[in-house]
Protein chains: 2
Amino acid sequence: MMRSAKAKESLSDKAYRELKAKILDNELHAGQQMIEAEVSQLLNMSRTPTREAMLKIANEGLIELKPRHGMRVKPISVMDMQEIYEILTGLESTAAALCATKGLTAEQLDLMRQSVVDMDKALNRDDLIEWAQADERFHRYLVEFSNNDRLQILVANFIEQSHRARMLTLKIRPKPTNSNKDHSDVVKAIEERNSEQARAIHHKHREQSGQMMINLLKDYGLNHI
Amino acid sequence: MMRSAKAKESLSDKAYRELKAKILDNELHAGQQMIEAEVSQLLNMSRTPTREAMLKIANEGLIELKPRHGMRVKPISVMDMQEIYEILTGLESTAAALCATKGLTAEQLDLMRQSVVDMDKALNRDDLIEWAQADERFHRYLVEFSNNDRLQILVANFIEQSHRARMLTLKIRPKPTNSNKDHSDVVKAIEERNSEQARAIHHKHREQSGQMMINLLKDYGLNHI
DNA sequence: AATCCATTTAATTTATACATTAATGAATTT
DNA sequence: AAATTCATTAATGTATAAATTAAATGGATT
């Protein structure tokens, strides 16, 4: 007997998924406020699953719940970005070190190398969207292969928190040319099982790209993303 | 006009606080299952605030919600501890580096040094409880002074996840004699604004104490804490 | 016009009712 | 006896009603 691919998702899960998607897609813009009744109308369901979704997303940091004013999509400030990148830098560097310590399979190393190749190609074609996707894939592999589920969930959360800012600055940031060198150096360090080296290189990389992003936000006065 | 010290907490907040306390205090033991109705009876309130508390605590990782079986206090396995300590090591080392980079005030440095002194004293009196409290205080300061609210919340969450295991192994672990040297070295590195050094020392410290803890769990066959 | 206070209103918080679905187990068939 | 079916039960998921709380309003008074 074949069981259907996935258990039917509950309204709560649907509310969570849809509301979060609307926020990440900037369909609900930063600073926007909605009371529970409005959100549940938007999602076309009662207040209970809506409320559960709002509580979860608030805990994750994308919205805040203000008494009497419902939810508010949290604008990302320069200071927020600073905090988020400090943490992302720490977590991903940990992941890089773990990959080196635990060791990756040949297939896993290949996948990472392929991501770097894809980034190179996209960059030569001036396709920033494509580049960002390959870059994201590299970072996802790094964390996935570190073999720590909690770490994976954590990083995903902080990536989400900075998603809107990253999408926005993608258009105005300088070409990420030396980014690729960093990435292949990390892969090499992992392959050589040199965890300190892997950690250090990735740390420097994330620190630099984070600082670049923060400077962009500052320079362009983008304080309500 | 003086307003009361804190806004009256909602039943949801009370449910969250009390339920979590019962879990951390081991009043609800690992593996224990309770359905929503039982939990709400225990907390003496309706299912709604109870349910919200359960959802939040489940998101934090202390319990899991199994369809039709209510909540279950998650036992901590050796693998869980491994994951948790890998993350804690990464996050706290990041905090140490941030403290050094940003620089601490004389008062903050004093507080950290005092914690080390208290650990020393407690250790000389063979008071492990007292030592653990001072140790916890040191770690809390480290994160607090790194001036990153999100980081603080994160670390607190992972400390909580490992709380029951730490309490249990406190009685059987070897005396933490060289722990104090590590701590004062970290403070010194921070004072000298040497972030790489601060990070490295604390990293080694956490890695060692984590490994010690994991070995204890393994040796004693403690797999359902 | 400004301030104070009472009233109304709006939103949330909590409780409860209702709907849905998985688990259980007894009855029936093989 | 084992397996299968089907009704029953129990628990959750969802909707809504009731209670609470905080904000806003507006009229009276200064």
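FYI, side chains are in, hydrogens and waters are out, and symmetry mates aren't considered; it's all heavy atoms of this structure. Residue numbering restarts at 1 for every chain, and letters A, B, ... go by the order of the sequence lines. Remember, predicted model here, so these are calculated numbers, not experimental data.
At C/dT14, none of the side-chain N or O atoms of B/Thr48 fall inside 4.0 Å of OP1 or OP2 (strictly under the cut-off).
Between the C1' atom of C/dT12 and the CE atom of A/Met34 lies a distance of 16 Å, rounded to the nearest Å. Spacing between atom CG of A/Leu65 and atom C1' of C/dA11 amounts to 13 Å, rounded to whole angstrom units. With rounding to whole Å, B/Lys14 atom NZ is found 11 Å from C/dT14 atom P. Between the CD atom of A/Gln41 and the P atom of C/dA11 there is a distance of 12 Å, given to the nearest Å. Put simply, CE on A/Met71 is 11 Å from P on C/dT12, counting in whole angstrom units. The CD-P distance, from A/Glu38 to C/dA10, rounds to 13 Å in whole Å.
Closest to the side chain of B/Arg51, from the set C/dT16, D/dT12, C/dT12, is D/dT12. Listed nucleotides: D/dT14, C/dA15, D/dT12. Nearest to the side chain of A/Ser12: D/dT14. The nucleotide whose nearest atom lies closest to any side-chain atom of A/Glu36 is, among C/dT12, C/dT14, D/dA15, C/dT12. For A/Met45, whose side chain is taken as the heavy atoms from C-beta onward, the closest listed nucleotide among D/dG13, C/dT14, D/dA15 is D/dA15.
Side-chain contact between B/Ile63 and B/Leu28 is absent, with no heavy-atom pair separated by less than 4.5 Å. A 4.5 Å side-chain heavy-atom check between A/His139 and A/His183 finds at least one atom pair inside the cut-off.
Take the nearest nucleotide of DNA chain D for A/Ser10 and for A/Arg68: the residue whose nucleotide is more 5' is A/Ser10. Between B/Met54 and A/Asn44, it is B/Met54 whose nearest contact on DNA chain D lies nearer the 5' terminus. When the nearest nucleotides of DNA chain C are assigned to B/Pro49 and B/His69 by heavy-atom distance, the more 5′-ward of the two goes with B/Pro49.
For A/Arg140 and A/Glu144, the salt-bridge test fails: no basic side-chain N is under 4.0 Å from an acidic carboxylate O.
Note: A/Arg164 CZ to A/His224 NE2 = 12.5 Å, rounded to the nearest 0.5 Å.
No side-chain N or O of A/Asn148 forms a donor-acceptor pair with one of A/Gln152 less than 3.5 Å apart.
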